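Note that the structure is a prediction, hence the values are computed from the model and not measured. Lettering of chains follows the sequences in order, A, B, ..., and the numbering in each one begins at 1.
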Protein chains: 2
Amino acid sequence: MEDNILQQKLELLKKKNEKAYLEFTSSFEVGSSKKGELLIPIDKICTKLYILKSGVAKQFRYKEDGSEYISWFNFEGDMMTSHISFVSQKPSIEGIKIIEDSEYTFVPRDVCYELSEKYHAVETFFREILEMYSQAAEERLYFLQALSAKQKYDYILKNMPHLLQRVPQKELSSFLGITRETLSRIRKHS
Amino acid sequence: MEDNILQQKLELLKKKNEKAYLEFTSSFEVGSSKKGELLIPIDKICTKLYILKSGVAKQFRYKEDGSEYISWFNFEGDMMTSHISFVSQKPSIEGIKIIEDSEYTFVPRDVCYELSEKYHAVETFFREILEMYSQAAEERLYFLQALSAKQKYDYILKNMPHLLQRVPQKELSSFLGITRETLSRIRKHS
DNA sequence: TGCATTAATTGACATTTGTCACACGTATTC
DNA sequence: GAATACGTGTGACAAATGTCAATTAATGCA
């Protein structure tokens, strides 16, 4: 989504330092996964950074009661990884699962950090990605804490309508932090 | 808190590039504020990055119904700013208010970005700060969405006990996303 | 195509948390 | 030091959302 802001950042990198850009992008590999596949399992150390070319994926954990908590959905153009594990190289507490057949490219984590160290421009690229990422997290925090179930649904309707078309309600409700039943009832009265 | 991880990062910067370190730290200015003072008002563009030396501050917004949403508390050693406004230079949707007399240093935003561009090591410094920041945001997201009122309180008790000593219950409850009354009742039965 | 599995809907009811009103004690201030 | 504002505690009640169970709709697979 977001009309390929990631692509724009990559273009910027290319303009700034073509050598760095080429070295970075030439280490991209391609892959694909079917619906239901676990791209990053919980408890494993995450060593790759993914860029989704097509399809949909979800980032999730399990709560204490065994139910699922969905922290984010990823669509075409999105960069994704199990962020905390990627940075810290500890076992991941979040997993990534494909929920619609997907194609993607990926880079090994080491390449990201090596090139960040080698090229200032690559470091800048990642700093800017992180800036966007934390903005999104901050907005989501407010969204989750400050809005009622109905307000959350209206927010999605207005700001992320593609979710409604491409994500099952079961998953959407978990993303909103409400039950399927509540979501179903809200939809009925909208 | 976090036993001055920020200080560690600054030391690292110094070791990597002393010139950059000196240029960065020499543009720090000092300031102080009394309890109740608004360090960063809502709707203003945020142009400074603060490091709290002593005291406590809160980052907050107002919800649609006028009640307060507290996104974070800052203590000695914490870096703080209105993140989204700082990055985007748009009017801030969050404010920062002093809730215990504070001393701090601050750097103009422009210096941060100029030095990030000028020195690779400074860029790395900020990238790492952002990595920590997004990890914290991610954990807070899970905390808010996945836990009940009582679980949230127990989590604070266990992981952020200093909050209980230095933050009024009114503010703490807002941080937890529950009402004062609910917090009061939970405390009674603990 | 048809069977089997999964997702969504719906109703009755339970639970959690919020709201409102008021009492009480503690700071703050003039 | 009295007066005022502010933070906290508590009770009665209301509202929002969750839980459980059953039914229907949709989807995927043989």
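- When rounded to the nearest whole Å, the span between CD of A/Glu100 and P of D/dG28 equals 11 Å.
- The 5' end of DNA chain C is approached more closely, in terms of each residue's nearest nucleotide, by B/Lys150 than by the other of B/Lys150 and B/Lys35.
- Residue B/Lys44 places its NZ atom among 12 or fewer non-hydrogen atoms of other residues, nucleotides or ligands, all under 6.0 Å distant.
- A side-chain donor-acceptor contact under 3.5 Å links A/Arg140 to the backbone of A/Ser71.
- Taking atom CZ of B/Arg185 as the reference point, atom C1' of D/dA12 lies 9 Å away to the nearest angstrom.
- Cation-pi contact between B/Arg61 and A/Tyr142: present, with separation from the ring centre below 6.0 Å and deviation from the ring axis of at most 45°.
- Between B/Thr182 and the phosphate of C/dT17, there is no side-chain N or O to OP1/OP2 separation shorter than 4.0 Å.
- At a threshold of 4.0 angstrom between heavy atoms, the contacts of A/Gly36 with the nucleic acid are absent.
- One hydrophobic cluster holds both B/Phe126 and B/Phe86 under the rule that ILVMFWY side chains link at heavy-atom gaps under 4.5 Å.
- The B/Gln169 side chain lies nearest to D/dG9 when the options are D/dG9, C/dA8, C/dT19.
- In this structure, B/Ile178 reaches the sugar-phosphate backbone alone: every heavy-atom distance under 4.0 Å involves primed, P, OP1 or OP2 atoms, never a base.
- One can place CG of A/Asp65 at 18 Å from P of D/dT17, the figure rounded to the nearest angstrom.
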